[in-house]
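Just so it is clear, the structure is predicted and the values come from calculations on it, not from any experiment.
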Amino acid sequence: MTATPPDFDAAFFRSALGRFATGVTIITTEACDGQRPIGLTISSFNSVSLDPPMVLWSLSKAASSLRHFQQTERYVIHVLSATQLHLAKQFAYGPQAARFNGVALTRAPGGTPMLDDPECAAWFECRNIVQHEAGDHLIFVGQVERCERSFSQPLVYHAGDFDLTPSTEPMSND
Ligand SMILES: Cc1cc2nc3c(=O)[nH]c(=O)nc-3n(C[C@H](O)[C@H](O)[C@H](O)COP(=O)(O)O)c2cc1C
C-alpha cells in the first residue's frame, strides 16, 4: 500500500506532535568498547506489553550514540522527576563526553551503568530485544528485567518545552 504524500511541512508536523505531552527519560548503557557510560535524553518512551513486560523508545539515526545502542545487550531507562530538569538538559544539549560530569553512577542488577539518583521517578533495566527501522529513527523494544519507582512529580515535556507548572494534587501511591 502506498501512503498519500503529506500536505504539511516538517515544522507543522513537529508542532502538531508537540501537542502530545510526554514524560522525559534518560537512557544509559555501556559504550561498545566497555570503557565508559553512554546516555541521552529521550521522550519517545512508551509502554508496550504487560506480559511479558516490554517498553519502546525511538532513537534518531543521526544520534552519536546510535551504534552503542544498536550493539548493547542492555540499557536502563530512567523516568525523570521535576527536580531533574538540569539532567534532562545536560543529557540532551551537552556533549556526550561531558554528560556524566558530576553525576553519580551505579550499576543495575544486570550490570548496566545507571544514574545513582533517588530522585528518579522510576527506572527500567531492559534487554535490547528488537530494533525496527522507521524512517529517520530506529525503534527499540526492550524487555524489562527489573524496575523500581518512587512517587515524585514527573518532569513533563510539551509543545517543545519543559512544563514546570507544579501540580497542586498530591501524588497517589497506587
Ligand atoms: C525533552 C527531549 C526529548 C528528546 N527525545 C528524543 C527522542 O525520543 N529520540 C531522539 O532520538 N532524540 C531525542 N532528543 C534529542 C537527544 O536527547 C539529543 O539529540 C542528544 O544530544 C542525542 O545525543 P547523541 O547524539 O550523543 O546520541 C530529545 C531531547 C529532548 C530535550
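Taking the six-membered ring where the residue is Trp, Trp57 and Phe140 present parallel rings, their angle staying beneath 30° rather than reaching 60°.
Closest non-hydrogen pair, Gln96 versus Ser64, comes out as NE2-OG, 4.3 Å. Ser152 and Ser150 make their closest contact through OG-OG, 3.1 Å (heavy atoms, listed as atom of the first residue, atom of the second, distance). Shortest non-hydrogen contact noted between Ile77 and Cys126 is CD1-SG, 4.0 Å.
Atom CG of Leu80 is separated from atom CZ of Phe91 by 9.5 Å, given to the nearest 0.5 angstrom. If you take OG on Ser44 and CD1 on Ile139, they are separated by 9.0 Å, rounding to the nearest 0.5 Å. Taking CG of Asp33 as the start and CD of Gln71 as the end, the distance is 10.0 Å to the nearest 0.5 Å.
Around atom NE2 of His158, more than 12 heavy atoms belonging to other residues, nucleotides or ligands sit under 6.0 Å away. Annotation for Phe8: atom CZ counts as buried by contact number, over 12 foreign heavy atoms lying within 6.0 Å. Within a 6.0 Å sphere centred on CZ of Phe162, heavy atoms belonging to other residues, nucleotides or ligands number more than 12.
Both Ile26 and Leu105 sit in one connected hydrophobic cluster of ILVMFWY residues. Membership requires side-chain heavy atoms under 4.5 Å apart, directly or through other members. Cluster membership for Phe100 and Leu85, using ILVMFWY side-chain heavy atoms within less than 4.5 angstrom, is shared. Hydrophobic clustering, with ILVMFWY side chains joined whenever heavy atoms are under 4.5 angstrom apart, groups Ile42 together with Leu138. Connection of Leu87 to Tyr157 is established within a shared hydrophobic cluster, with ILVMFWY side chains joined at heavy-atom distances below 4.5 Å, either directly or through further cluster members.
Side-chain atoms of Glu125 come within 3.5 Å of backbone N or O of Gly110 as a donor-acceptor pair. Side chain of His78 to backbone of Leu115: a donor-acceptor contact under 3.5 angstrom is found. Using modelled atom types, one side-chain atom of Arg99 and one backbone atom of Gly94 make a donor-acceptor pair closer than 3.5 Å. Without hydrogens or angle criteria, Thr28 side chain to Gly39 main chain gives no donor-acceptor distance under 3.5 Å. The backbone N or O of Val55 sits nowhere less than 3.5 Å from a side-chain atom of Ser47 that would complete a donor-acceptor pair. A donor-acceptor distance shorter than 3.5 angstrom exists from the side chain of His68 to the backbone of Cys32, with no hydrogens or angles considered. Using a distance-only test at 3.5 Å, with no hydrogens or angles considered, no donor-acceptor pair links the side chain of Thr25 to the main chain of Ser43.
Side-chain contact check for Leu155 versus Gln84: every heavy-atom pair is 4.5 Å or farther apart. Residues Val79 and Cys120 form no side-chain contact, since every pair of their non-hydrogen atoms from C-beta on lies 4.5 Å or further apart. Ile129 has its side chain within reach of Met54: a pair of non-hydrogen atoms, C-beta onward, lies under 4.5 Å apart. Side-chain contact between Leu40 and Phe69 is present, with heavy atoms from C-beta onward closer than 4.5 Å. Residues Thr41 and Ile27 are not in side-chain contact: their nearest non-hydrogen atoms beyond the backbone lie 4.5 Å or more apart.
For the salt bridge (charged side-chain N to carboxylate O under 4.0 Å, His left out) test, residues two or more places apart in sequence or in another chain that qualify with Glu145 are Arg74. The side-chain hydrogen bond (donor to acceptor under 3.5 Å, both in side chains) search around Glu30 returns Arg107, not counting sequence neighbours. Residues forming a side-chain hydrogen bond (donor to acceptor under 3.5 Å, both in side chains) with Ser65 (at least two apart in sequence, or on another chain): none.
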Would Gln90 and Val103 count as a side-chain contact (heavy atoms from CB on, under 4.5 Å) if you check the C-alpha gap in whole Å, the side-chain angles of each, and the deciding distance to 0.1 Å? CA-CA 10 Å; Gln90 189 166 324; Val103 174; 3.7 Å; yes
Evaluate the criterion side-chain contact (heavy atoms from CB on, under 4.5 Å) for residue pair Lys61 and His137; output intermediate values, then yes/no. CA-CA 5 Å; Lys61 288 181 185 169; His137 278 59; 5.8 Å; no
Set out, in order, the CA-CA distance, both residues' side-chain angles and the distance that settles ring pair (Phe, Tyr, Trp, His ring centres under 6.0 Å) for Phe45 and Phe124, then state yes or no. CA-CA 11 Å; Phe45 169 74; Phe124 305 86; 5.6 Å; yes
Taking it one step at a time, do Val156 and Val24 satisfy side-chain contact (heavy atoms from CB on, under 4.5 Å)? CA-CA 6 Å; Val156 173; Val24 183; over 6 Å; no
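When each of Thr112, Asn128, Thr29 is tested with Thr72 by the rule side-chain hydrogen bond (donor to acceptor under 3.5 Å, both in side chains), just one qualifies, namely Thr29.
Residues Gln153 and Ser81 bring no donor and acceptor atom of their side chains to less than 3.5 Å of each other.
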